[in-house]
S.K.: 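Next up is a structure, given as structure tokens.
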Amino acid sequence: IPVENIRNFSIVAHVDHGKSTLADRLLEMTGAITKNSGTSQVLDKLQVERERGITVKAQTASLKYTLNSREYLLNLIDTPGHVDFSSEVSRSLAACQGVILLVDANQGVQAQTVANFYIAFGKDLVIIPVLNKIDLKNADPVAVSGQLRTLFGFSENDILKVSAKLGTGVEDVLKAIVNRLPPPPVNRDAPFRALLFDSWYDRYRGAVILVYVTDGTVQVGDEIVTMHSGKNYEIKSVGLLRPYEEPTYKLSAGQVGYLTCNMRSTKEACIGDTLHHRNQPVSVLPGFKSANPMVFAGVYPMDQSQHVTLRSAIEKLILNDSAVTVSTDSSPALGQGWRLGFLGLLHMEVFSQRLEQEYDAQAIITAPSVTYKARIFGEKNVKHYGGSEITITNPAYFPDPCIVTEFLEPMVMGTIITPDTYLGSVLSLCMERRGTQQSSTNIDNHLVMMKFLLPLNEIVVDFHDHLKSISSGYASFDYEECGFVPSKLVKLNILLNGIIVEELSMVVHASKASSAGRKICLKLKDIIPRQLVEIAIQAAVGGKIVARETLKAYRKDVTAKLYGGDVTRRKKLLDRQAEGKKKMKLVANIKLPREAFIDVLKR
Ligand code: GDP
Ligand code: MG
């Protein structure tokens, strides 16, 4: 297929606006899959994605489409829609010349619609605005078109209106892709050059890598070099994803496809790397802004005999999720493990779920923490830490406040779009989370867009859930990093029977130490099953106890007293005991369930 007949595009949308559904329709209409071949989205491969209804891994599909008796190759790159995964969105867009900006005609413009628009706009991509779900009774395409015109300056004629579910108008989307997007700006006569933009692990073939070929061609048997590592490989297979692997003889400039080359190690497939033929050097392609991990957590095997299994599971998953960073870590209670960096809490949850589902690995994941900084003084201290500004990714290594001039915490600029009915609740939530309002814009008569400067540690755990619940699901949120600012931070220690459990300690703003301490103690009291001894659960800052709960000792028959009483309560108690027995970790001579290490943070 000649380059002029290739179009590379992506669909971007706020979560649930119908990206996967539209992708399925496009696949069906171009014959890549047969109609009704499956119930749910074809591109959402992973079990986690099915369960959570979100797209985590960007997936690609090459579609063949004929318009005016010319055959086109349309390469669709599916992108994740959640804030945590914006680096994947950015990465996928490096291979595209245009995007479909999909907006639910019922919900209207949401925070990620705005974020996605600006990512695409910033990359000079052609943007095709598409209103989806026009079949819904409450759809208001006129109002939502108005929002798109006001916010982004689209003209009414450019806005397509479709029902991805029913297929209405989807043909126009295909036509717009062909007519509005330019072919990829590539050169087939130049030496081979390609951008490695995604990869996943295959047990038999090693790394399967996704490439966007910008120059020349590549075929089976070729010897290639990955520029970053300088390593040589022989190509074993190449092909298109339609969406399932379809081997081809070669890949040419402009195309997006997969290749395998016996890449064994997880570190070899470096996202953003440039590939070229051996002995035919090329200039390096602009890589992507690498994703900064925002949230760190320790990962440990349930017992040390599973250490090796867990390590290889983590390594394989990371090949498929390059946004995760890893370093080794150890803890007195949990033994040898790793400290992983994630883009956000959802990212972390998805990762641990995949660890269990795909690798059957049981792991303890400790309470997540964001990165803090501290400026320290005293020659000896500076020497000890190797610098006067230190970075703290693990609360266990929080420095003694008496050597610190100031602590700093990471901030984000949050965008919230909400119907004005919920303005009051949204404002008080943001205040409660130490946010300061930066701006407020009316998108139309009902919708307001606000910007807040917020500390990352206040939003990383459950901010999004709260925002959704106070606004009946209508408010939406997105954020970008916004640097570090000085802050009054303290380390909140959790003690069980007087012993500090480092794995449970966390860094909080001084003003929140008592309230956070009380909540955690209560939560732990709830999570930890009763045991042979009474357990004192305490929260402390320095030597000062800020909260305390007591968990009474276990009696032989915990439910004996409840006979004849409330049946549901008795059942709940038994259930909890049964659950408690499942997976326990002995810490400070106290049996702790796995959940104790992560659930404590959810307010
Ligand atoms: P994504 O998160 O953007 O990938 O959204 P999905 O494609 O998973 O769609 C979210 C929900 O909206 C699903 O329940 C879809 O069935 C539904 N949906 C998608 N497109 C339409 C449409 O055109 N009309 C209606 N009524 N529902 C739709
Ligand atoms: Mg989806």
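Order of appearance sets the numbers: ligands from 1, and atoms from 1 within every ligand.
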S.K.: Residues two or more places apart in sequence or in another chain: which of them pass side-chain contact (heavy atoms from CB on, under 4.5 Å) with P419?
M.R.: T421, Y422, L447, Y474
S.K.: May I ask you to list the atoms of ligand 1 that are less than 4.0 angstrom from any heavy atom of D16?
M.R.: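 So the atoms of ligand 1 that pass are 1 (P), 2 (O), 3 (O), 5 (O), 10 (C), 12 (O).
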S.K.: Is A13 close to ligand 1, meaning an N/O of one under 3.5 Å from an N/O of the other?
M.R.: no
S.K.: Please step through ring pair (Phe, Tyr, Trp, His ring centres under 6.0 Å) for the pair F342 and F296, ending with a clear verdict.
M.R.: CA-CA 6 Å; F342 302 96; F296 288 81; 8.4 Å; no
S.K.: With the threshold set at 4.0 Å, does a side-chain nitrogen-carboxylate oxygen contact exist between E156 and K161?
M.R.: yes
S.K.: The criterion is side chain to side chain donor-acceptor pair (under 3.5 Å); which residues satisfy it with E409, sequence neighbours excluded?
M.R.: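 Partners of E409 under the side chain to side chain donor-acceptor pair (under 3.5 Å) test: R434, S487.
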S.K.: For atom 17 (C) of ligand 1, which candidate among K133, Q112, K137 holds the nearest heavy atom?
M.R.: K133
S.K.: For K19, which part has a heavy atom under 4.0 Å from ligand 1: side chain, backbone, both, or neither?
M.R.: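 Both backbone and side chain.
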S.K.: Looking only at non-hydrogen atoms, which of A105, S20, G18 approaches atom 4 (O) of ligand 1 most closely?
M.R.: S20
S.K.: Contact between M348 and L343 at the side-chain level, heavy atoms closer than 4.5 Å - yes or no?
M.R.: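 Counting from C-beta outward, M348 and L343 never come under 4.5 Å.
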S.K.: Does an N or O anywhere in A164 fall below 3.5 Å from an N or O of ligand 1?
M.R.: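 Min N/O separation from ligand 1 is below 3.5 Å for A164.
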S.K.: Is it the side chain (CB and beyond), the backbone, both or neither of T21 that lies under 4.0 Å from ligand 1, heavy atoms counted?
M.R.: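 Both of them.
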S.K.: Would you call the rings of Y118 and F121 parallel, tilted or perpendicular if under 30° counts as parallel and over 60° as perpendicular?
M.R.: perpendicular
S.K.: Compute the centroid of each ring, for F463 and then for F477, and state whether the two points are separated by less than 6.0 Å.
M.R.: yes
S.K.: Which ligand 1 atoms does L136 reach within 4.0 Å, using its non-hydrogen atoms?
M.R.: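 What qualifies from ligand 1 is 26 (N).
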S.K.: Would you kindly specify which portion of L166 sits under 4.0 Å from ligand 1, judged on non-hydrogen atoms: side chain, backbone, both or neither?
M.R.: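 Neither; no heavy atom under 4.0 Å.
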